[in-house]
Amino acid sequence: MENTVAETLPESDVRFPIVLRGYDRRQVDEYVRGAEKRIDRHEKARRVAERRLAKAQVPAPRAGEPDDAAGLGRRIEKILQVAKAEAAEIKDQARKDSDELRAAAEKAVAEAEAARAETERAAQREAQLIVSRAEEQAAAIRAAHQDVLDRLSRIAGVVEEVRVQYGTEDEGAAEPDVVEAEPSIA
């Protein structure tokens with residue numbers, strides 16, 4: 001039989017691994033099922049103990065007492081008193097166990113919520129960092145673009161000056177051959 005986390009660890013030592021958005025639901029469900037099974041086992045053991053106690057504490061008839069209906073009534077009354085006392089103790093213990101399990105579950109939920117919140121904060125910080133880097137890169141690209149536009153504007157100005165210079169010297173001549181050159185972007 002496979003040992004599960006819920007069956008091998010006491011409630012106070014249970015640790016659930018943190019996954020992307022909180023605790024692993026499968027493992028928490030497994031733990032809860034294991035806790036419910038333990039409660040059922042304790043409940044059965046309690047009932048068996050009650051029966052054994054009732055059998056063990058039944059007073060035998062005394063030598064001087066007749067074993068009649070009156071004696072039987074006192075014995076039954078005594079058995080019922082003992083059973084009620086035992087039942088009250090068992091209920092109290094079951095209530096304590098239930099409260100402990102509830103507290104452990106609430107603690108696990110609180111830890112899961114804290115882990116979820118921390119994961120969310122980390123994701124927000126990461127997203128802000130990514131946006132900040134993207135904005136910086138966009139600003140650098142805009143600056144480079146503006147620099148290229150400025151250079152192209154200067155080149156266009158030089159070309160216009162050359163056109164004006166060659167256009168005014170020889171207005172009747174054919175247009176000069178245009179030599180294409182790559183502008184340097186240094």
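Here, residue 1 is the first one in the sequence, and each next residue gets the next number.
In Arg125, the CZ atom is crowded: over 12 heavy atoms of neighbouring residues, nucleotides or ligands sit closer than 6.0 Å.
Contact of the Arg154 side chain with the Asp150 side chain is registered, since non-hydrogen atoms from C-beta on lie closer than 4.5 Å. Gln128 has its side chain out of reach of Ser132: every pair of non-hydrogen atoms, C-beta onward, lies at least 4.5 Å apart. Using a 4.5 Å heavy-atom threshold, the side chains of Gln146 and Leu149 count as touching. In this structure, the side chains of Leu53 and Val82 come closer than 4.5 Å at one or more pairs of heavy atoms.
The distance from the CZ atom of Arg26 to the CG atom of Asp29 is 9.5 Å, given to the nearest 0.5 Å. Note that CZ of Arg41 and NZ of Lys37 are 8.5 Å apart. Values are rounded to the nearest 0.5 Å. Atoms CG and NZ, on Asp40 and Lys44 in that order, are 6.5 Å from each other to the nearest 0.5 Å. Note that CD of Glu106 and CD of Glu113 are 14.0 Å apart. Values are rounded to the nearest 0.5 Å.
Contact detail for Glu135 and Arg142: the closest heavy-atom pair is O-NH2, 4.5 Å.
For Arg74 and Glu77, the salt-bridge test fails: no basic side-chain N is under 4.0 Å from an acidic carboxylate O. With respect to Glu118 and Arg121, a salt bridge is recorded, a charged nitrogen being found less than 4.0 Å from a carboxylate O.
Linking Ile, Leu, Val, Met, Phe, Trp and Tyr residues whenever their side-chain heavy atoms come within less than 4.5 Å places Val158 and Tyr166 in a single cluster.
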Would Glu30 and Arg33 count as a salt bridge (Lys or Arg N to Asp or Glu O under 4.0 Å) if you check the C-alpha gap in whole Å, the side-chain angles of each, and the deciding distance to 0.1 Å? CA-CA 5 Å; Glu30 180 181 314; Arg33 281 191 300 275; 5.3 Å; no

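For the side-chain contact (heavy atoms from CB on, under 4.5 Å) with Ser98, the qualifying choice from Glu100, Arg102, Lys96, Arg95 is Arg102, the only one to do so.
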